[in-house]
Each structure stands twice: as C-alpha cells, then as structure tokens.
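The block underneath contains the structure these notes are about, expressed in structure tokens.
Note on naming: letters A, B, ... go to the chains in the order of the sequence lines (proteins, then strands), and numbering restarts at 1 for each one.
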There are 2 protein chains.
Amino acid sequence: MADLARELGVSMTTVSRALSDHHSIGAATKQRVLKLAKKLNYQPNHMAAALRRGQSRLLGVVVPYIEGKFFPSVIQGIEQAASKAGFSVIVCQSHEDVQLERRNVETLLNAQVAGVLVSLARNTQEFHHFDKVRGRGIPLVFFDRIPAGEQVNSVVLDDHAGALQATSHLLAQGCRRVAHLAGPQHLNIYRHRRQGYLDALAAFGIAPDEALIDYSDMTTEDGAAAMRRLLALPNPVDGVFGAGDSAILGALQALKAQGISIPRDVALAGFSNEGFTAITEPRLTSVDQRCEEMGEAAVRLFLELAAAPHAPFAQRQVVLQPELFVRESSLQGQA
Amino acid sequence: MADLARELGVSMTTVSRALSDHHSIGAATKQRVLKLAKKLNYQPNHMAAALRRGQSRLLGVVVPYIEGKFFPSVIQGIEQAASKAGFSVIVCQSHEDVQLERRNVETLLNAQVAGVLVSLARNTQEFHHFDKVRGRGIPLVFFDRIPAGEQVNSVVLDDHAGALQATSHLLAQGCRRVAHLAGPQHLNIYRHRRQGYLDALAAFGIAPDEALIDYSDMTTEDGAAAMRRLLALPNPVDGVFGAGDSAILGALQALKAQGISIPRDVALAGFSNEGFTAITEPRLTSVDQRCEEMGEAAVRLFLELAAAPHAPFAQRQVVLQPELFVRESSLQGQA
DNA sequence: CAACTACTCACAAACGTTTGCAGATAGCCT
DNA sequence: AGGCTATCTGCAAACGTTTGTGAGTAGTTG
C-alpha cells in the first residue's frame, strides 16, 4: 500500500480510503488508485485490516458431521450466501461431542471470526461455551439443532409440520397402526417430529400407543432392530414414520428380510430426503428439509445481526417449511 | 497480554516468550505466566500474531464438492491431522468450475492461509492460478485430482492398482467380456483407472475392445445409458467395471429394469466404496479409496513443506494403496 | 468580504503480537 | 578481582491496515 501511495504522490490514508470507497475521496483519485492497484497487483492484507478493526471476514460454522446429505447441503447454502457477502467460511465438525464442540468454538474465536453458526452436537445439553461468543459481541446463530429452552437466534425447519404431513400421508393411504421411530428427545428436532406424529394421529382420531414409538439414536441398525421388535407385537403395524431416513432404511431391510411387502403390508416414510431414498427398492417417501435454504437463511440472519450494532435482546427465529416427497414406499395404490 | 504483564510485574516480552515456551525464560516465570493466563482466561489474538510473523494457522482446502462420501471423509482426515498440529481448516468448493476454483484460491490467499490443499475441478486444464501460491512461498499440495504433466507435491491413490484389482477380480470370477465405464480422460484418476482395467485384461490374455469402453461424466444417468448401450451389443457383456460408483449404480438399475440377473448374467464392480454400495440389491463390490488416510497424508506433506524453509525443487509424491471390498454384485458363487 | 458548507486529503495513533538487540544478574574460572 | 559464560528480562520497532482529527482549498451564501 505504501508503494501505491508513493507512486501516486498521495498518502496511505487516501489509498486506503479510495480502496474502501470512502465518501471523502474524489472520484478521480479513486479511479487512479484503483487502476494502479490493479496494475501493481496489490493484494490487501486482510489480517492487518482484521486486526485493526477487530473483525475478520471469516464466518465460523460448527456442525456435528458432514456426511450424508443434510449438512453438506446446508454448508453449501452457507458458502454461497457468505461468499456473496464477501465472507469466507470455516467449517468445524463436533463429531457429536460436546467436548469437541467446545474446542471448536474456541478455535473459531481465536480465528477472530465475525460470526458463528452452530448446529448442536447430540449430547450438548449445556450451553455456557457459547456465552463467550455473545460476550464478545459476535453474532451467534443456531440452525436445525438448537438449544432447548433458550432464547437464541435460530433457523429451523418446521419439523412438526413435516412429521404431521408425512404421518397424515400414511394415514390417508389407509394405514391404521402407524409406528414411529423417534430420536433422542432432548433434541428439538426429534421432539417436534414426534409431536407432529402424535398430532397427525389425533387428527385422524387414532389413540396414540407408546408401544408403537421406538426411541433410539436412529442409525440403520437401530431402525432394523426397532422394526423387528414392532413386527413381533401381537397387533401388526401397517405403517412406520421414521424421524430419520437411516432408521427407515434399517426398517426397510428388516421388513424385506422377513419377506414382508412394502408398501402393501407396511408403508414407510422417513425424514431428510437423503440421497439413498431414491435408490432403495421400493424408493422411500421422505420429508425434504430445505437444506440450502437453511444455510442461506442462517447467513442472512447473521448479516442482519452484524449490521444492527449490538442488537437488542429480541432474538430472531426463522422457520422453514418442509416438503414431503412421496415415493413408492408409501403408495398403497401400487403395492 | 498487557494485563498479564502488569499483574505479574514483568514486560510483555516476557509474557509473550513464556507463552510460546521460549528458551530464554525461566521455568518459574513460565509457570507463573501460564497460571495467570489461565486464571484471567487470556485469549491470544491470532490475527495479531499472524500479522506480525506473516503467517496464520489456517489451512486452505479446495475441493470440487462435498457431497457423497469421498471428499467429506478426506476433509475429515485433514481436519483431524490439522487440528492436531494446531491448524484450523477452511474449506472451499469449486463446484467443478475452474472459474470458481480461481476465486477460491484468491480468497484463501487473502485469508493469509499457511498452506493450500487442492483437488482439481473437472475442467481445470490450466494451472496458472496456483503460481501465486507458490510465488508467495506457501506450501501447495494436490490430492486425488492432480495437474497432468506438472511436477507437484501430491497425495494420490494408486488408482491403477485399484482398477487392476477390481477388474482382475471380475475376470477371476469367470467374466470374459468385461466392459469399462470410464470418466474424463484428462483427469489423472480416470486415466489410471482405465489403464488398470486394460492391464488386467492383458494379464488374463484378453484383447481389449474399445466398443466395451464407455466414456462419460460418470453420473448415475450416464451409467444407465451406457449399460443400455452395452446390452444392445451383439456380443453380450458379462461384467462391468465402473470408474465410479454412481455410474455403476446406474448400470445396476438399467440391468434390473431389463430383468437381467446380477451377478449371474452380469457382474459389477465400482470405485469409491460409496455409502450406498451397501444398500443396493445386490450390494456393490467397490474399491475403497482410503479417504481419511489421504487427508492425513496431505496435511503431513504440508507440514513437512512448511518445516523445510523454502524447499528444494524436488516435489514429493505420496501414493496410497486402495482396498477392494468384494460384495454380492460380483460373486459368481452365490448368483 | 466574511462566514459557511462541501469536498479533499494527510498526520499519526492505534490494533495485539513477535523479536533483535542490549542490559542486567548471577555463577564460575583463572 | 576481573573477565567470562549462562541465564534471564526489557525496550522498542516492526507487521499492514483503518480512522479520528484537523487543515487546506474552492464554491456558495448573507
């Protein structure tokens, strides 16, 4: 930058201001500076700028993991929106571990990120490690998996609506004994999906039966085990709504292993619209989560928070509407 | 840091040196500093440090995309190794677009990364955008998809060996007319896989037939189309080795659509060991790519380069050995 | 003509570290 | 005692920006 200033016979101040389009620099000067900057291939040192203003153009993201479809897609949305706003994204995985989540947050703070976007680890039940973030006045946005019982800025899917829709669909297809593969209930998403399931039953005038709800960590193996248990019940089930696609995949495999026809004997519907839902046989009905939109929304929210100088106490919430993708695993018509 | 110094009645110099374990600081002083630092919850400002020494603790990664299994797993490996060495990772996607890849590299340089790890976009055939990285003396490591005909630091899978192994396996199972679904040949990985296929044929004394090699972008749809074409040939194929799992999935679907038995009539083997290979029916034989190892190796290489002050011209190469996962899609025994 | 506005620019002090150099203390040898 | 080394510590100058303050010039107004 000093070179630029010397070459043009102006001060560094002017150069700096010209580059950042400050109002107090003449249009002519700006042009000259910009042109020379390009010519000399000037590369601004973001660190110095960040140091000076105490804020970088980095956006920190913490997710439980990046396999499957959901988180990569969300990150995709985040990156897109972020780069549009001139931010770079730095991604950390908590591997479903609070401990690591804490470390990740530290790392991000040390990297002087301008904002932090988080989707909680499965076993995070305590949220003090985020106080530091707020304490430094850094915008904090949760998405998908958000802290229970806390007022936070968040972007979530309307899990309740998705579950309601999926379950209603099964019931509309004629199912009468619909089971539910439920996830850990301390996570908002799984709690809401369960409630959606229950409310759908209620809407159809069917009494809920706790024996038909299976709680697990929702792995494929969990789903298969649950299905086997459900099949052993005296009163047969004729439909299963799973709070995750992996579990439903397990159920599918268990059913096929016993030669039970899908969807004729048992209809299936899952949640997440994972890639593999389109390659199982039959293909799986599932609730799509608007992944990219969620990422974009999270960034938008961050930008708003960053713009409002030390925002008020009011925390903002964004709720996205899911969409049910109906496939053969739940279509009674073509058993 | 000033607080620490004042509190302890020493200079900032001492504090800085104590924290970075400099040899000229007494053990007692170090202890005192460290203890107070913990007590006051001192958070070093990495930006300032980075600015001063012209180097951050950030590692930049550019990948084509982060869906599927391969890249997330590699990133996983990178993160693990990097965080062990005290580095944070910042991930960018090129979306298979040189243009974006170029921008990503710029972004990373502006973020003052300490190193750059790259897997090329599909259409990158020209590599000048990496000159800047080298120009600044920043370690540059390519992995998996590396520049053709350039001397670079790289970590790759032995794709040739993997393809050789997979094809040999098909031949050993009794296949005699084995087709190959090939990817874009300007990418090292696909070129090597094709060569491995050819060499396996040669080893079994089978003459290659260009009509049995299908070139495409390896999507599921491409694979299905290729399979349909192969089935229409006068002389039937009895095995297919695909340079990617998605394409083989397409082939699988096309075969089943025509009621052809797998592996009895046609055996299949793919590449990447994607997650879905275990849920198709029959499950798909595939070559595993040692994803995490690749990430770790890339970071190790980076660290070595960073340690060697302005390394010599010799570029280092790391080659990992793949592993064939045999599943039902290629086991003639249990047709 | 004086006073005011609008515009343009430069000085220099930050931001929070690291580090070359030099100063200080103590112990040891001759 | 003097000189040496070894060990420890502080001063102050960097690193490359941003920005508050103030000064200068021109144009406009009363």
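Contacts of B:F70 classified as ring-ring contact (aromatic ring centres under 6.0 Å, His included), with partners at least two apart in sequence or in another chain: none. Residues that satisfy the side chain to side chain contact (heavy atoms under 4.5 Å, CB included) test with A:P184, not counting sequence neighbours, are A:R122, A:H186, A:Y190, A:D217. Partners of A:R145 under the salt bridge (charged side-chain N to carboxylate O under 4.0 Å, His left out) rule, at least two apart in sequence or in another chain, are A:E96. Residues satisfying the ring-ring contact (aromatic ring centres under 6.0 Å, His included) test with A:F302, not counting sequence neighbours, are A:F87.
Across all strands shown, A:T29 has heavy atoms under 4.0 Å from sugar-phosphate atoms exclusively, and none from any base. Among the heavy atoms of the strands, none lies under 4.0 Å from B:G54.
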Given the rule in the side chain to side chain contact (heavy atoms under 4.5 Å, CB included) test, do B:L117 and B:V155 qualify, once you have shown the distances and angles that lead to the verdict?
-> CA-CA 10 Å; B:L117 312 185; B:V155 179; over 6 Å; no
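Contact check for A:L8 versus A:R32: side-chain heavy atoms found under the 4.5 Å cut-off. For the pair A:L305 and A:V141, the minimum side-chain heavy-atom distance is below 4.5 Å. With contacts defined as side-chain heavy-atom distances shorter than 4.5 Å, the pair A:V319/A:Q321 qualifies. Two residues are said to be in side-chain contact when any heavy atoms from C-beta on lie closer than 4.5 Å; A:C291 and A:Q76 fail this criterion.
The interatomic distance linking A:M1 (CE) with D:dT19 (P) rounds to 11 Å, in whole Å. Taking atom CZ of residue B:R6 and atom P of nucleotide C:dG16, one finds them 13 Å apart after rounding to whole Å. The distance between atom CD of A:Q112 and atom C1' of D:dT17, rounded to the nearest whole Å, is 15 Å. Per the geometry, NE2 belonging to A:H23 stands 13 Å off P belonging to C:dC9, to the nearest Å. Straight-line distance from the CG atom of B:L4 to the P atom of D:dG10: 13 Å, rounded to whole Å. Atom NE2 of B:H22 is separated from atom C1' of D:dC8 by 11 Å (rounded to the nearest Å). At whole-Å resolution of the value, CD in A:Q55 and P in D:dT19 are 11 Å apart. We find that CD1 of B:I25 is positioned 14 Å from C1' of D:dA6, with the value rounded to whole Å.
Side-chain N/O atoms of A:S11 include one lying less than 4.0 angstrom from OP1 or OP2 on C:dA10. Under 4.0 angstrom from either OP1 or OP2 of D:dG10 there lies at least one side-chain N or O belonging to B:T14.
Using a 4.0 Å cut-off on heavy atoms, the residues of residues 39-53 of chain B that approach DNA chain C are B:Y42, B:Q43, B:P44, B:N45, B:A48, B:A49, B:R52, listed by number.
Residues A:M12 and B:S16 both approach DNA chain C. Their nearest nucleotides, taken by heavy-atom distance, put A:M12 toward the 5′ side.
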All N/O contacts under 3.5 Å from nucleotides 21-25 of chain C to the protein, with atom names and distances to one decimal?
none

